[in-house]
Student: 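Below is one structure. I have some questions about it.
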There are 2 protein chains.
Amino acid sequence: MSKNAKFVEKLRETGLRPTKQRVKICKVLFDREKTFHFTINDLVKRISEEFNEKISLATIYNTVHAFEKKGYLKEISINSDKSYFDTNTSVHHHFYDEDTHKLIDCNENDIESINIKKNITGKKINSVEVLIRVASDNQNQN
Amino acid sequence: MSKNAKFVEKLRETGLRPTKQRVKICKVLFDREKTFHFTINDLVKRISEEFNEKISLATIYNTVHAFEKKGYLKEISINSDKSYFDTNTSVHHHFYDEDTHKLIDCNENDIESINIKKNITGKKINSVEVLIRVASDNQNQN
DNA sequence: ATTATACATTATAATCATTCTAAACTGTTG
DNA sequence: CAACAGTTTAGAATGATTATAATGTATAAT
Ligand SMILES: [Mn+2]
Ligand SMILES: [Mn+2]
Ligand SMILES: [Zn+2]
Ligand SMILES: [Zn+2]
């Protein structure tokens with residue numbers, strides 16, 4: 001199956017019509033070897049770089065959230081500035097580099113299993129995520 | 001020492017002059033048995049309820065951030081909607097109730113120690129925080 | 001105590017990420 | 001092709017947060 005056909009399928013599975021804008025978003029997001037983290041602004045920049053063309057912000061937000069809802073993207077909360085998204089949708093944790101503001105994956109087997117001894121009555125656990133904030137190790141920091 | 005004198009001291013330690021607005025903020029934040037979580041909006045509401053008086057948003061933001069910088073408050077990132085703050089400044093984790101949008105503390109000893117096997121070269125770990133998202137356990141959910 | 005100064009408060013405007021709107025456009029189906 | 005439902009888009013609206021700059025106040029020097 002061609003890459004394009006895959007994206008069309010992915011869009012259909014998400015309940016979206018395969019328009020040219022959405023296929024372009026797919027190319028930027030899913031036509032890669034490795035997974036990666038991005039902000040909406042990153043995505044806009046990549047699209048304008050790769051296609052020399054602008055897709056409306058509304059379309060980008062709508063499509064990204066549709067993929068998130070379907071489970072093809074994951075949203076990561078670091079601070080209240082902006083949202084980060086992740087093309088790695090497996091259960092995994094993150095390092096957040098406070099110098100560069102970049103996320104780095106930390107797989108489940110990079111952390112010894114987390115055992116929670118407390119529970120909230122009447123509630124089920126939806127996710128357990130660890131965020132490890134890191135920063136430069138040297139002295140010359142402000 | 002009177003409560004008031006304590007707050008004045010706390011403000012001085014934070015490098016802030018003990019004005020009447022700031023002392024009121026202290027009363028709302030630090031004159032309690034138990035620690036709690038709040039948003040800026042919560043704080044504004046509490047102030048207007050307890051003192052029947054409005055303190056400017058700018059003053060509230062500035063004071064809260066000054067306390068955070070000094071280590072008297074902790075900022076918690078849940079989503080990009082808004083910031084949550086915590087009067088519990090110890091190292092601890094959180095349950096986030098996705099139904100009520102409330103935080104519940106999860107102390108370090110409610111979780112078996114987290115052992116991170118991976119590290120980022122040249123970086124030191126500033127914090128390791130676990131966020132456990134929970135939601136209603138019953139079926140009648142949309 | 002008066003005064004001078006630096007720091008604070010405030011209302012309001014600005015910013016910025018995100019969402020909404022409603023008009024123009026396009027994929028799909030018959 | 002025609003009709004319709006779904007889509008894109010620019011721009012406006014929203015809402016949290018931050019900046020501005022005029023007015024007010026705590027503090028320390030006189
Ligand atoms: Mn979302
Ligand atoms: Mn802060
Ligand atoms: Zn990731
Ligand atoms: Zn807490």
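Just so you know, these numbers use all the heavy atoms, side chains as well, and skip hydrogens, waters and symmetry mates. All of these numbers come straight from a predicted model, not from anything done at the bench. Letters A, B, ... mirror the listed sequences (proteins, then strands); counts begin at 1.
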Student: Classify the ring geometry of B/His101 against B/Tyr96: parallel below 30°, tilted from 30° to 60°, perpendicular beyond 60°.
Tutor: tilted

Student: Nearest to the side chain of A/Lys82 - D/dT27, D/dT9, C/dT18?
Tutor: C/dT18

Student: Check the phosphate of D/dT18 against B/His65, side-chain N and O only, distance under 4.0 Å to OP1 or OP2. Yes or no?
Tutor: yes

Student: Between D/dT9, D/dT17, C/dA17, which nucleotide gets closest to the side-chain atoms of A/Tyr61?
Tutor: C/dA17

Student: On DNA chain D, does the nearest nucleotide to B/Tyr84 precede the nearest nucleotide to A/Ser56 from the 5' side, or the other way round? Give the residue.
Tutor: A/Ser56

Student: Return whichever of A/Ile40 or B/Gln21 has its heavy-atom-nearest nucleotide of DNA chain C closer to the 5' end.
Tutor: B/Gln21

Student: With a 4.0 Å cut-off on N to O distance, would you call B/Asp99 and A/Lys123 a salt bridge?
Tutor: yes

Student: What is the distance, to the nearest angstrom, from the CG atom on A/Leu43 to the P atom on C/dA17?
Tutor: 14 Å

Student: Determine yes or no for a side-chain-to-main-chain donor-acceptor pair under 3.5 angstrom, with A/Thr87 supplying the side chain and A/Phe36 the backbone.
Tutor: yes

Student: Taking only the side-chain nitrogens and oxygens of A/Lys54, find out if one of them lies under 4.0 Å from OP1 or OP2 of D/dA10.
Tutor: yes

Student: Measure from CD1 on B/Ile47 to C1' on C/dT10 and round the result to the nearest Å.
Tutor: 14 Å

Student: Using a strict threshold of under 4.0 Å (side-chain N to carboxylate O), is an ion pair present between B/Glu50 and B/Arg32?
Tutor: yes

Student: Examine D/dA26: is either OP1 or OP2 under 4.0 Å from a nitrogen or oxygen in the side chain of B/Arg22? Give yes or no.
Tutor: no

Student: For B/Thr19 and C/dT9, is the shortest distance between a side-chain N/O and OP1 or OP2 below 4.0 Å?
Tutor: yes

Student: Would you kindly give the NZ-to-P distance between A/Lys24 and D/dT9, to the nearest whole Å?
Tutor: 9 Å

Student: Taking atom P of C/dA11 as reference, at what distance in whole Å does atom CD of B/Glu53 sit?
Tutor: 11 Å

Student: Can you label the angle between the A/Phe67 ring and the A/Tyr72 ring as parallel, tilted or perpendicular, going by 30° and 60°?
Tutor: tilted

Student: In whole Å, I'd like the distance from the CG atom of A/Asp81 to the P atom of C/dC16.
Tutor: 11 Å

Student: Counting only side-chain N and O atoms of A/Ser83, is one of them less than 4.0 Å from OP1 or OP2 of C/dT18?
Tutor: yes

Student: Could you tell me the separation between the CG atom of A/Asp42 and the P atom of C/dT18, rounded to a whole number of Å?
Tutor: 11 Å

Student: Whole-Å distance between C/dT9 P and B/Leu16 CG?
Tutor: 8 Å

Student: Does B/Lys20 or B/Ala58 map to a spot on DNA chain D nearer the 5' end, using the closest nucleotide for each?
Tutor: B/Ala58

Student: How many Å lie between CG on B/Leu57 and P on C/dT9, as a whole number?
Tutor: 14 Å

Student: May I ask you to evaluate whether B/Thr59 reaches the phosphate of C/dT10, defined as a side-chain N or O under 4.0 Å from OP1 or OP2?
Tutor: yes

